[in-house]
Amino acid sequence: MKTLLFYQIIAELVDRERRIRVDKREYIASLIGCTESYIRKIHSPTTNKHYKLEHLYLLSNYWQIDINALLPSTSNLKKLPAYQNCSDTELENEMKKVLNSIKKENIK
């Protein structure tokens with residue numbers, strides 16, 4: 001099963017914050033109560049593992065950032081290497097893809 005674009009972006013945003021703060025995946029795993037192996041699976045696009053809301057809350061609290069910094073938005077996409085050269089229109093289109101993928105998943 002492929003991970004939704006929504007969760008892929010969250011994983012990239014979390015990884016970005018982790019690297020900025022030079023936190024190891026092992027430490028992040030212990031902070032949110034899972035294994036390092038689970039964290040690696042979250043970052044694999046071919047699994048259905050993902051960060052839960054509780055994980056994001058714990059991470060945002062630990063890093064002292066707004067939880068919204070870990071959620072997909074046009075401003076957050078600009079922080080990721082894959083989207084840095086995208087125009088505002090392209091970013092808006094990407095966010096529409098995120099929303100549509102969530103809607104499709106919820107219809108199933």
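In what follows, residues are counted from 1 in the order of the sequence shown. A quick note: this is a predicted structure, and the numbers were derived from the prediction, not measured.
The distance from the OG1 atom of Thr35 to the CD atom of Glu26 is 11.0 Å, given to the nearest 0.5 Å. In this structure, NZ in Lys103 is found 10.5 Å from NZ in Lys96, a value given to the nearest 0.5 Å. Atom OG of Ser101 is separated from atom NZ of Lys97 by 10.5 Å, given to the nearest 0.5 angstrom. Between the CG atom in Leu80 and the CD atom in Glu12 there is a gap of 5.0 Å [rounded to 0.5 Å]. Interatomic distance, OG of Ser73 versus CG of Leu13, reported as 7.5 Å (0.5 Å rounding).
Applying the side chain to side chain donor-acceptor pair (under 3.5 Å) rule to Asn93 yields no partners; only residues at least two apart in sequence or on another chain are considered. Applying the ring pair (Phe, Tyr, Trp, His ring centres under 6.0 Å) rule to Tyr62 yields the partners Tyr27; only residues at least two apart in sequence or on another chain are considered.
The shortest heavy-atom contact between Thr74 and Met95 is CG2-CG, 3.6 Å. Shown here for Phe6 and Ile102, the closest heavy-atom pair between the two residues is CD1-CD1, 3.5 Å.
No path of Ile, Leu, Val, Met, Phe, Trp and Tyr side chains, each step under 4.5 Å between heavy atoms, connects Tyr7 with Leu99, placing them in separate hydrophobic clusters. By the rule that hydrophobic residues join a cluster once side-chain heavy atoms approach within less than 4.5 Å of another member, Trp63 and Val22 end up as members of separate clusters. At a threshold of 4.5 Å between side-chain heavy atoms, the hydrophobic network of Ile, Leu, Val, Met, Phe, Trp and Tyr places Ile20 and Leu56 in two separate groups.
For CD of Glu36, the number of neighbouring non-hydrogen atoms (other residues, nucleotides, ligands) closer than 6.0 Å is greater than 12. Remark: Asp66 CG is packed, more than 12 non-hydrogen atoms of other residues, nucleotides or ligands lying under 6.0 Å away.
Side-chain atoms of His43 and Tyr51, non-hydrogen and from C-beta on, do get closer than 4.5 Å to each other. The side-chain heavy atoms of Asn76 and Ile9, taken from C-beta on, include no pair separated by under 4.5 Å. Using a 4.5 Å cut-off on side-chain heavy atoms (C-beta onward), Arg18 and Ile39 make no contact. With contacts defined as side-chain heavy-atom distances shorter than 4.5 Å, the pair Asp88/Lys78 qualifies. Looking at Leu59 and Ile32, their side chains come closer than 4.5 Å, going by heavy atoms from C-beta outward. Between Ile10 and Ile42, every side-chain heavy-atom pair lies at or beyond the 4.5 Å cut-off.
With hydrogens and angles ignored, the 3.5 Å screen pairs no side-chain donor or acceptor of Asp15 with any backbone N or O of Ala11. In this structure, the side chain of Asp23 does not engage the main chain of Glu17 through any donor-acceptor pair within 3.5 Å. A donor-acceptor pair is defined here as one N or O able to donate and one able to accept, closer than 3.5 Å; such a pair exists between the side chain of His55 and the backbone of Lys52.
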